[in-house]
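Since the structure comes first, as structure tokens, the remarks are kept for the end.
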Amino acid sequence: MKAKRRCAWAEGNALHEAYHDREWGVPIRDSRALWELLMLEGFQAGLAWIVVLRKRAALRTAFKQFDPRKVARFGESDVQQLLRDEGIIRSRAKIIATIQGARVFLTMRDSGEDFATWAWGFVGGKPIQRKGTDPVAAQTDLSLQISKALKKKGFKFVGPVIVYAWMQAAGMVNDHSKECFRRVPVSKLR
């Protein structure tokens, strides 16, 4: 039986392979899930994505399943408790950025601005289909534009590299390689 060809970054680690095969590049239209992914991408800053994948369940527990209403109410005692939690990525700046991100998410929602609709508006509402033969960019002009817009809203840890990784993971851009078995199925998802 012929082995499945994956994007090179996903090969050789069962957790990476499962994430790649089931999640990466699948369009996320749910505002809360899209926000959660942006927060997780922020936790990745300076680390490998595998670290986030290994700690994702603990991060979800610590951040109340990334319920923005609950996270927005976190105060200094919650921050201190999270800094003691060995199961998560213990960065004060990233924890505070997640709390701030929850507050921004709720401000947008309360003003009638749906986070997913807003984010997907940058790509015209449908995934960008890259060729799969070009080198994968670390950032693009569009990720820089989205990064600036997120920062203007008040989000933190949303530089253009993080934003591009989020766009790829959330299916806003299909960056599966030409040889990858997920490229064509993902290209049909809207």
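Excluded from the calculations below are hydrogen atoms, water molecules and symmetry mates; all remaining heavy atoms, backbone and side chain alike, are included. Bear in mind that the values here come from a model prediction, so they are computed numbers and not experimental data.
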ask   = Would you say D67's side chain and K64's backbone share a donor-acceptor pair under 3.5 angstrom?
value = no
### Query
Do the side chain of E11 and the main chain of R6 share a donor and acceptor less than 3.5 angstrom apart?
yes
Throw together a table of side-chain donor-acceptor distances under 3.5 angstrom for residues 149-157, partners on residues two or more places apart or in other chains.
| residue | atom | partner | partner atom | Å |
| --- | --- | --- | --- | --- |
| K153 | NZ | E113 | OE1 | 2.7 |
| K153 | NZ | E113 | OE2 | 3.2 |

Here the pair of heavy atoms bringing A170 nearest to L34 is CB-CD1, 3.5 Å
Indicate, with yes or no, if the rings of F63 and F43 have centres closer together than 6.0 Å.
yes
message = Taking K4 first and then E17, would you say they form a salt bridge - that is, a charged N and a carboxylate O separated by under 4.0 Å?
response = no
For V158 and V163, the nearest pair of non-hydrogen atoms, with its separation, is O-CG2, 3.3 Å
* Is the W35-F115 ring centre distance short of 6.0 angstrom? -> no
Distance col, row F66:CZ vs E36:CD, nearest 0.5 angstrom, shows 5.5 Å
- Item | Donor-acceptor contact present, side-chain R29 to main-chain R190, <3.5 Å | yes
Distance col, row F105:CZ vs M39:CE, nearest 0.5 angstrom, shows 10.0 Å
- Query: Under 3.5 Å, is there a donor-acceptor pair linking the side chains of D114 and S31?
  - Reply: yes
* **CD (E23) with more than 12 external heavy atoms under 6.0 Å** => yes
What one should report as the nearest heavy-atom pair of V184 and S187 is O-OG, 2.6 Å
- request: Kindly say whether Q139 contributes a backbone atom to a donor-acceptor pair with the side chain of S143 at under 3.5 angstrom?
  value: no
What one should report as the nearest heavy-atom pair of A169 and W24 is CA-CD1, 3.5 Å
task: Verify, without hydrogens or angle tests, whether N174 (side chain) and H176 (backbone) share a donor-acceptor contact under 3.5 angstrom.
output: yes
So the ring pair (Phe, Tyr, Trp, His ring centres under 6.0 Å) pairs with at least one residue in residues 117-142 (sequence neighbours excluded) are W118-F122
Using 30° and 60° as the class limits, which term best fits the ring planes of H20 and F181: parallel, tilted or perpendicular?
tilted
For P127 and G171, the nearest pair of non-hydrogen atoms, with its separation, is CB-O, 3.2 Å
What one should report as the nearest heavy-atom pair of F74 and R103 is O-NH2, 3.0 Å
